[in-house]
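Here is the structure we will look at, set down as structure tokens.
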Number of protein chains: 2
Amino acid sequence: MSDTTPNGMTNWKDGLCPDHLRGNLYAGKCPSRTVLNHVSSRWGVLVLISLLDGTHRFSDLRRRIGGVSEKMLAQTLKWLEGDGFVERHAYPEVPPRVEYTLTPLGTEVAERVYALKDWIETNLYRIPSVNGENTPADNEADTSEV
Amino acid sequence: MSDTTPNGMTNWKDGLCPDHLRGNLYAGKCPSRTVLNHVSSRWGVLVLISLLDGTHRFSDLRRRIGGVSEKMLAQTLKWLEGDGFVERHAYPEVPPRVEYTLTPLGTEVAERVYALKDWIETNLYRIPSVNGENTPADNEADTSEV
DNA sequence: CAGGATCCTAAACGATACTG
DNA sequence: CAGTATCGTTTAGGATCCTG
């Protein structure tokens, strides 16, 4: 509530940012937070980079992205579609076919996301926690104490 | 558990990837998933880019990042520390002072994350859903039907 | 001040079943 | 095939209290 971002922020009152200006991710209530959440969501990242190499069908994506459920894939695609990153094209056939493509806008974000993905995959071996350590994301209640 | 990623994965048996090779984020059980989760987590993104401009104290970060709770900030910092992205330095003083800094490794990721952050903030005005639409991340149970 | 411990709510997520 | 609806589980996340 009263998190009036006391850093040298100029005219962002109460963590809210004006919509016609630049977004501010530090501001708790800036809509950019929502966009970030979609893009950086567990499946959002993978959907975006999947679509970087062209159009894909629903089950295509489902197969490619290991572990994603139908529900979350549909959900994620909707978010990204709502944000204008993904375009949905349904062919009125039977059996139905639906194809998803990145918009120009979506391609721009996806490229940034891809850079992150690529770095992680490439440098994974450098990351200590990977070499047989505990994974805090899997179990929060860590009984270990540093 | 038994989500044996039924896609035609080549030599990634059971969605797992060998630790000495390149990570594969498509593989459901690759440890790179955990790293991605930390980095792209709600607060992980903001912590990383916050530390890009140098060392910061705990309450520093807490103030800067709008809406983060103590618990999640501490948790996120631990994750990032465990991944070797953040270095923690506690001064044995009273009252205690703890400073967080990016490691060289962390700086590399943070730069990628920053590129994404910057794109979102800069291009926020181009994103349709921001201009007064519903925000699916805030409420999943959307009763609207397209 | 930094953060651990605890408790709790809300949201994310997954599995299954069903529909156009 | 491409979803939606529903349900149940798990996790993220927040509030509060407490300690070094």
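We name chains A, B, ... by the order of the sequence lines, and we start the count at 1 in each one.
- For the pair A:S69 and A:P95, nearest-nucleotide mapping onto DNA chain C gives the more 5' position to A:S69.
- In this entry the distance linking CZ of B:F58 with C1' of D:dT19 reads 15 Å, nearest Å.
- Between the CG atom of A:L73 and the P atom of D:dG3 there is a distance of 8 Å, rounded to whole Å.
- Using a 4.5 Å heavy-atom threshold, the side chains of B:L77 and B:L61 count as touching.
- In this structure, a donor-acceptor pair under 3.5 Å is present between the side chains of B:E99 and B:Y91.
- A:E99 places its CD atom 9 Å from the P atom of D:dA2, with the value rounded to the nearest Å.
- Rounded to an integer number of Å, the gap from A:Q75 CD to C:dC13 P is 9 Å.
- At the phosphate of D:dA12, neither OP1 nor OP2 sits under 4.0 Å from any side-chain N or O atom of B:R42.
- A:R97 has no side-chain polar atom (N or O) that falls below the 4.0 Å cut-off from OP1 or OP2 of D:dA2.
- Following rounding to the nearest Å, A:I65 (CD1) and C:dC13 (C1') show an atom-to-atom distance of 15 Å.
- Taking atom CD of B:E81 as the reference point, atom P of C:dA2 lies 15 Å away to the nearest angstrom.
- The local environment of CD in B:E108 is crowded, with over 12 non-hydrogen atoms from other residues, nucleotides or ligands closer than 6.0 Å.
- Between D:dA12 and B:K71, no contact under 4.0 Å exists linking OP1 or OP2 to a side-chain N or O.
- Between the CG atom of B:L77 and the P atom of C:dA2 there is a distance of 11 Å, given to the nearest Å.
- Not a single donor-acceptor pair under 3.5 Å links the side chain of B:D118 to the backbone N or O of B:Y114.
- Closest to the side chain of A:P96, out of D:dG3, D:dA2, D:dG14, is D:dA2.
- Summarising the geometry, the separation between NE2 on B:H38 and P on D:dT11 is reported as 13 Å, rounded to the nearest angstrom.
- Contact between the side-chain N/O atoms of B:W43 and the OP1/OP2 oxygens of D:dG14 is found at a separation under 4.0 Å.
- Comparing D:dG3, C:dG14, D:dT4 by their nearest atom to the side chain of A:K78 picks out D:dT4.
- Residue contacts shown for B:Y100 are limited to sugar-phosphate atoms, with no base heavy atom under 4.0 Å away.
- In this model, the phosphate group of D:dA2 is approached by a side-chain N or O of A:S59 to a distance below 4.0 Å at OP1 or OP2.
- Using a 4.0 Å cut-off between a side-chain N of Lys or Arg and a carboxylate O of Asp or Glu, A:R126 and B:D83 do not qualify as a salt bridge.
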